[in-house]
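As structure tokens, the structure follows; a few thoughts come after it.
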Amino acid sequence: MSSRPTPVIAIIGGGLSGSLVAAQLLRQSGHPLIIKIIERNPRFLHRGIAYSTDASSHLLNVPAGNMSVFPDDPEHFLRWGQSRQEKLVETPWVTAITASSFISRRGYGEYIASVVQEAEKASHPEVKLEIIRDEVVGLQPSETGATLSLQSGNRIYAEKVILAVGNFPAADPPVSDKTCLNNAQYVSNPWSEESKIGWDKIESCLIVGTGLTMVDWVLNLHASNFLGKIHVISRRGLLPKAHAQAAKLPLWLNYKEQPLSIRSIVRQFRKLMAAPEPYQDNWRGLIDALRPYTPDIWQALPLPEQRRFLRHLRSYWDNHRHRLSPITAASLKEIENSGQLQYHTGRVENFEFSKENVAVTIRARGKQERKTLIVDRVINCTGTECDYRKLQHPLVTGLLAKGWAQPDAISFGLSVAANGALIDEAGHKSSIIYTLGPPQKGTLWETTAVPEIRGQAFHLAKHLLNALAMESLKTGELLTH
Ligand SMILES: Cc1cc2nc3c(=O)[nH]c(=O)nc-3n(C[C@H](O)[C@H](O)[C@H](O)COP(=O)(O)OP(=O)(O)OC[C@H]3O[C@@H](n4cnc5c(N)ncnc54)[C@H](O)[C@@H]3O)c2cc1C
């Protein structure tokens with residue numbers, strides 16, 4: 001009998017996606033296996049960007065009843081939360097742990113870490129998890145696996161590789177003089193540790209973008225007793241809507257019927273909004289009814305229709321679909337009513353930095369004239385960068401340059417097969433490199449939140465373990481013949 005080395009699955013990125021797929025591999029594998037998570041930022045291990053925040057005001061934007069990480073155990077998070085009630089209840093933000101409660105993202109980070117720990121404890125004795133603190137800067141595939149190059153100079157060989165590299169900070173605003181963006185008064189990455197420094201000397205700021213990261217920043221500044229003026233600007237001035245009670249509705253779109261177009265979807269949506277109860281004005285119910293089918297609907301849309309959605313509807317979809325907890329929305333309104341927070345609608349055209357402050361040139365939406373806003377600091381909260389060709393990420397740049405990966409058709413992530421396998425420049429499906437979560441955005445559209453990532457993690461682990469078993473069988477047969 002031949003003894004083959006234990007197969008290795010390398011997971012690049014230890015945020016939510018990397019941790020969930022590791023937990024699934026630990027739970028599902030009945031054979032010897034080494035799982036290696038390589039995470040470059042220790043603060044992000046099992047938390048990633050979303051769940052590494054310390055602020056108790058940063059709440060989940062999905063109720064606890066839908067935040068289990070296990071698709072086959074929908075109440076898992078709720079039970080976990082209820083068993084830690086005394087730690088997770090933090091008034092005024094979290095007053096109870098029920099299915100409809102919005103719990104802190106910090107608490108959710110602890111949940112993810114505990115899920116991995118539990119899975120490790122209960123795993124097959126020959127299934128091992130290793131955590132490596134390093135950055136993967138390159139990847140060289142071979143016929144049977146891939147060799148990863150790490151920032152430290154070390155190398156790792158793995159039979160299968162999972163890119164769980166997640167969300168990337170936003171691109172900078174398209175100002176005419178890009179060199180000015182190197183100035184310390186400009187915060188390019190709102191999730192960096194440096195962005196939190198030096199606020200005691202600041203009297204006013206401008207946040208560019210009106211999405212959920214803007215909300216995080218406003219609440220953080222308020223909680224840290226920042227008394228200065230907070231200006232916020234976005235092109236359309238659309239703010240995230242709030243969660244509220246809404247009647248549940250059935251799927252109302254027959255997306256299998258062709259031709260499917262954005263125009264026809266909007267027409268049906270408007271018709272239902274005008275229909276009697278429970279449809280009448282129930283936009284939350286209508287959007288939530290599409291949620292489990294959004295990836296299928298997205299894939300049923302022809303490419304020109306996907307592009308039409310991005311041009312005309314995306315901002316409206318985003319601010320209705322990614323909603324705030326009621327207390328978050330109320331707190332934001334309170335800060336606005338106090339006069340501290342002021343919204344602007346328009347485009348940032350230029351920044352002029354001086355020793356004292358930043359002069360921001362703004363062109364109001366639909367107008368020719370410009371106005372100048374004088375602030376002490378500017379924070380870029382314009383959303384995550386999804387165009388992988390624009391990223392400064394050595395691993396991704398290398399994969400694209402060598403043609404082992406390619407952007408998807410709308411450049412919102414990487415081109416992937418239904419099982420998460422990367423599709424290379426020549427159109428071949430990889431049997432070695434896979435991904436899940438945010439890199440699949442262009443292919444699936446709805447893929448960045450827990451309810452989608454938990455299912456992907458389950459299926460990807462299952463697929464990889466089956467593939468390793470098949471490959472091991474083949475090698476065994478070759479050795480015995
Ligand atoms: C601020 C915020 C709040 C959110 N709130 C919610 C919510 O309430 N509910 C919900 O369902 N969803 C929420 N989401 C969405 C969702 O949970 C995230 O998209 C999800 O956490 C993505 O996880 P990830 O592991 O794929 O990515 P990330 O969290 O971005 O993690 C990727 C990790 O990979 C590491 N990495 C990247 N490249 C390398 C490399 N080359 N080598 C080593 N390590 C590397 C990074 O350091 C990082 O830790 C939120 C997202 C954000 C950004």
Side-chain angles (χ1 to χ4, degrees), residues 10-22 36-53 55 58-64 66-69 77 101-109 111-112 131-139 148-152 156 161-170 189-192 209 211-217 219-220 240 243 291 321-325 328 381 383-386 388 391-399 413 420 435-441 446-457 460:
I11 303 173
I12 308 174
L16 173 87
S17 301
S19 300
L20 291 199
V21 79
K36 299 189 181 198
I37 296 183
I38 307 116
E39 170 56 59
R40 60 185 175 187
N41 185 337
R43 193 165 67 89
F44 286 172
L45 183 65
H46 304 322
R47 286 160 173 83
I49 292 166
Y51 311 110
S52 54
T53 170
H58 290 173
L59 303 184
L60 294 174
N61 52 33
V62 177
N66 196 16
M67 284 297 281
S68 166
V69 295
F77 177 56
S101 308
F102 294 87
I103 289 157
S104 73
R105 302 211 304 264
R106 177 174 64 189
Y108 197 75
Y111 169 62
I112 306 165
I131 307 284
I132 299 163
R133 194 205 147 179
D134 214 324
E135 176 169 355
V136 180
V137 292
L139 186 161
L148 310 184
S149 309
L150 309 187
Q151 176 72 48
S152 60
I156 292 174
V161 177
I162 301 170
L163 295 182
V165 291
N167 294 300
F168 296 97
N189 178 356
W191 301 310
S192 67
L212 298 176
T213 309
M214 173 280 288
V215 178
D216 274 4
W217 263 93
L219 295 182
N220 241 1
H243 280 282
R291 170 77 185 266
R321 154 67 192 88
H322 301 283
R323 303 202 276 275
L324 301 175
S325 73
T328 306
C381 295
T384 54
E385 177 58 85
C386 300
Y388 278 46
L391 296 179
Q392 311 276 318
H393 188 282
L395 172 64
V396 169
T397 313
L399 284 172
T435 190
L436 76 164
Q440 307 199 84
K441 182 148 188 181
E446 188 68 80
T447 180
T448 58
V450 172
E452 282 69 36
I453 295 175
R454 65 182 169 212
Q456 294 173 11
L460 181 54

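In each ligand, atom 1 is the first atom listed, and ligand 1 is the first ligand listed.
Taking a cut-off of under 4.0 Å to the non-hydrogen atoms of Leu60, the atoms of ligand 1 that pass are 8 (O). Taking a cut-off of under 4.0 Å to the non-hydrogen atoms of Phe44, the atoms of ligand 1 that pass are 47 (O), 48 (C), 49 (O). Each of the atoms 43 (C) of ligand 1 lies under 4.0 Å from some heavy atom of Asp134. Close approach of ligand 1 to Ala449 is summarised as follows: ligand atoms under 4.0 Å from at least one heavy atom of the residue are 10 (C), 11 (O), 12 (N). The contact set between ligand 1 and Ile12, taken as ligand atoms under 4.0 Å from a residue heavy atom, comprises 40 (C), 41 (N), 42 (N). Residue Ala164 has at least one heavy-atom neighbour below 4.0 Å for each of these atoms of ligand 1: 32 (C), 33 (C), 34 (O). For ligand 1, the atoms lying closer than 4.0 Å to a non-hydrogen atom of Ser17 are 23 (O), 24 (P), 25 (O), 26 (O). Each of the atoms 25 (O), 31 (O), 33 (C) of ligand 1 lies under 4.0 Å from some heavy atom of Gly15.
The backbone N or O of Asn61 lies less than 3.5 Å from a partner atom in the side chain of His243, making a donor-acceptor pair. The main-chain N or O of Gly437 is found under 3.5 Å from a side-chain atom of Thr447 such that the two form a donor-acceptor pair.
Between Ile49 and Phe168 there is no side-chain heavy-atom pair separated by less than 4.5 Å. A heavy-atom distance below 4.5 Å is not found between the side chains of Val161 and Val136. Residues Thr384 and Thr448 form no side-chain contact, since every pair of their non-hydrogen atoms from C-beta on lies 4.5 Å or further apart. Annotation: side chain of Thr53 is not in contact with side chain of Asn220 (no heavy-atom distance under 4.5 Å). At a threshold of 4.5 Å between non-hydrogen side-chain atoms, the residues Pro240 and Val215 count as touching. Annotation: side chain of Tyr51 is not in contact with side chain of Tyr111 (no heavy-atom distance under 4.5 Å).
Going from atom CD1 of Ile12 over to atom OG1 of Thr435 covers 9.5 Å, rounded to the nearest 0.5 Å. Residue Ile38 holds its CD1 atom at 10.0 Å from CD1 of Ile162, rounded to the nearest 0.5 Å.
With sequence neighbours excluded, the residues satisfying salt bridge (Lys or Arg N to Asp or Glu O under 4.0 Å) with Asp216 are Arg105. Partners of Glu452 under the salt bridge (Lys or Arg N to Asp or Glu O under 4.0 Å) rule, at least two apart in sequence or in another chain, are Arg291.
Among Gly166, Ala50, Cys381, the residue whose heavy atom sits closest to atom 28 (P) of ligand 1 is Gly166. One option in Met67, Glu135, Glu39 has a heavy atom closer to atom 33 (C) of ligand 1 than any other, and that option is Glu39.
For the pair Gly13 and ligand 1, a heavy-atom separation below 4.0 Å is found. Taking a 4.0 Å cut-off on heavy atoms, Leu212 fails to register as neighbouring ligand 1. Distances from ligand 1 to the non-hydrogen atoms of Arg105 include at least one value under 4.0 Å. Residue contacts with ligand 1 include Pro451, since one or more of its heavy atoms lies under 4.0 Å from the ligand. Under a 4.0 angstrom heavy-atom cut-off, Thr213 registers as lying outside contact with ligand 1. Residue His393 places a heavy atom under 4.0 Å from ligand 1.
Considering backbone and side-chain atoms together, Asp216 places no N or O closer than 3.5 Å to any N or O of ligand 1. Polar contact check, Asn61 against ligand 1: a nitrogen or oxygen pair lies under 3.5 Å apart.
If you look at Tyr51 next to ligand 1, the close heavy atoms, those under 4.0 Å, all belong to the side chain.
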